Engineer: 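Can you read through this structure? Questions will come right after.
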Amino acid sequence: MSRTALDLWVGIFVALGFAALVFLALRVGNSSGFNAGDAYRVVAPFDNIGGLKVRAPVKSAGVLVGRVSGIRFDPEIYRAVVDLEIDRRYAFPADSTASILTSGLLGEQYVGLEAGGDVEVLKDGDRVLITQSAMVLEKLIGQFMFDRAADTPPATAQ
């Protein structure tokens with residue numbers, strides 16, 4: 001085999017390897033699975049969003065139904081406002097609740113939608129009124145430690 005043919009095959013092999021890495025990076029990054037082209041936008045205010053990021057999944061019953069499209073702070077209500085893009089195939093009742101949940105113990109955070117019982121459905125631009133903020137692990141540990149210290153009887157001098 002000549003030197004140029006060997007160089008050509010090595011180049012093809014390297015290009016295929018690079019293409020495979022790009023494909024895997026896109027799959028791991030969850031860039032597929034939801035097309036925001038046919039979605040409606042709703043907003044949900046939270047007291048604390050923890051480590052929620054833009055493009056985080058929005059799930060209902062464990063199924064991907066949308067993505068987080070934006071996060072901002074509202075200085076009028078002093079809360080974080082999360083913009084959700086939900087696939088139009090899924091019509092959620094107007095009294096649905098949104099919670100910030102975590103996959104596993106220390107996994108990625110996502111927004112969980114729990115369907116309500118209202119006959120009216122959420123429309124483009126509506127607000128989710130009932131929300132539950134993220135559980136902050138440091139805050140829970142602090143509360144546990146504070147409660148433990150309060151339960152301990154004071155030491156008596158002898």
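Every value quoted in this text rests on a predicted model; they were computed, and no experiment measured them. Residue numbers run from 1 in the order of the sequence given.
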Engineer: To the nearest 0.5 Å, what is the distance between OH (Y110) and OG1 (T102)?
Structural biologist: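 Rounded to the nearest 0.5 Å, the OH-OG1 separation comes to 8.0 Å.
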Engineer: How far does OG of S133 sit from CG of N48, to the nearest 0.5 angstrom?
Structural biologist: 6.0 Å
Engineer: Is it possible for you to say whether V111 and I71 belong to one hydrophobic cluster, with membership spreading through side-chain heavy-atom contacts below 4.5 Å?
Structural biologist: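 The answer is yes; both residues are in one hydrophobic cluster.
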Engineer: State yes or no: do L129 and Y40 share one hydrophobic cluster built from I, L, V, M, F, W and Y residues joined by side-chain heavy-atom distances below 4.5 Å, directly or via other members?
Structural biologist: no
Engineer: What are the two closest heavy atoms between S96 and A115, and how far apart are they?
Structural biologist: OG-CA, 3.6 Å
Engineer: About how many Å separate CG of L84 and CZ of R127, when rounded to the nearest 0.5 Å?
Structural biologist: 11.5 Å
Engineer: Test side chain to side chain contact (heavy atoms under 4.5 Å, CB included) on R72 and V43 and set out the steps.
Structural biologist: CA-CA 11 Å; R72 65 187 183 285; V43 295; 4.3 Å; yes
Engineer: Under the rule for side-chain contact (heavy atoms from CB on, under 4.5 Å), what residues qualify as partners of L21, not counting sequence neighbours?
Structural biologist: none
Engineer: So, for A39 and R88, which heavy atoms are closest and what is the spacing to 0.1 Å?
Structural biologist: O-NH2, 3.5 Å
Engineer: Would you say that P57 contacts R67 through its side chain, given a criterion of any heavy-atom pair below 4.5 Å between the two side chains?
Structural biologist: yes
Engineer: Hey, does I77 have a side-chain heavy atom less than 4.5 Å from the side chain of P45?
Structural biologist: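 Yes, close enough: below the 4.5 Å cut-off.
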Engineer: Hydrophobic cluster membership, with links at side-chain heavy-atom distances under 4.5 Å among I/L/V/M/F/W/Y: are L52 and V54 in one?
Structural biologist: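 L52 clusters together with V54.
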Engineer: Under the rule for side-chain contact (heavy atoms from CB on, under 4.5 Å), what residues qualify as partners of V22, not counting sequence neighbours?
Structural biologist: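 In terms of side-chain contact (heavy atoms from CB on, under 4.5 Å), with neighbours along the sequence ignored, V22 is linked to F18, L26.
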Engineer: Contact between V65 and F92 at the side-chain level, heavy atoms closer than 4.5 Å - yes or no?
Structural biologist: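 With C-beta onward as the side chain, the pair touches.
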Engineer: Minimum heavy-atom separation for A134 to Q109, with atom names?
Structural biologist: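 Here A134 and Q109 meet closest at CB-NE2, 3.8 Å.
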Engineer: Determine whether L101 and K59 make a side-chain contact, defined as any pair of heavy atoms from C-beta on separated by less than 4.5 Å.
Structural biologist: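 A side-chain contact is absent here, since even the closest heavy-atom pair is not under 4.5 Å.
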Engineer: Do the side chains of T4 and L8 get nearer than 4.5 Å, heavy atoms only?
Structural biologist: no
Engineer: When rounded to the nearest 0.5 angstrom, what is the spacing between CZ in F46 and CZ in R79?
Structural biologist: 8.5 Å
Engineer: Report yes if some heavy atom in the side chain of Y90 is under 4.5 Å from a heavy atom in the side chain of S60; otherwise report no.
Structural biologist: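 No - every pair of side-chain heavy atoms lies 4.5 Å or more apart.
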Engineer: Does the side chain of V58 come within less than 4.5 Å of L64's, by heavy atoms?
Structural biologist: no
Engineer: For K53, is the NZ atom crowded, meaning more than 12 foreign heavy atoms sit under 6.0 Å from it?
Structural biologist: no
Engineer: If you count every heavy atom of other residues, nucleotides or ligands that lies below 6.0 Å from Y78 atom OH, does the total exceed 12?
Structural biologist: no
Engineer: At their closest point, which heavy atom of G116 faces which heavy atom of P93, and how far apart are they?
Structural biologist: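 Nearest heavy atoms, G116 then P93: O-CG, 3.4 Å.
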Engineer: Below 4.5 Å, heavy atoms only, C-beta onward: do L113 and I86 meet side chain to side chain?
Structural biologist: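 L113 reaches I86 side chain to side chain.
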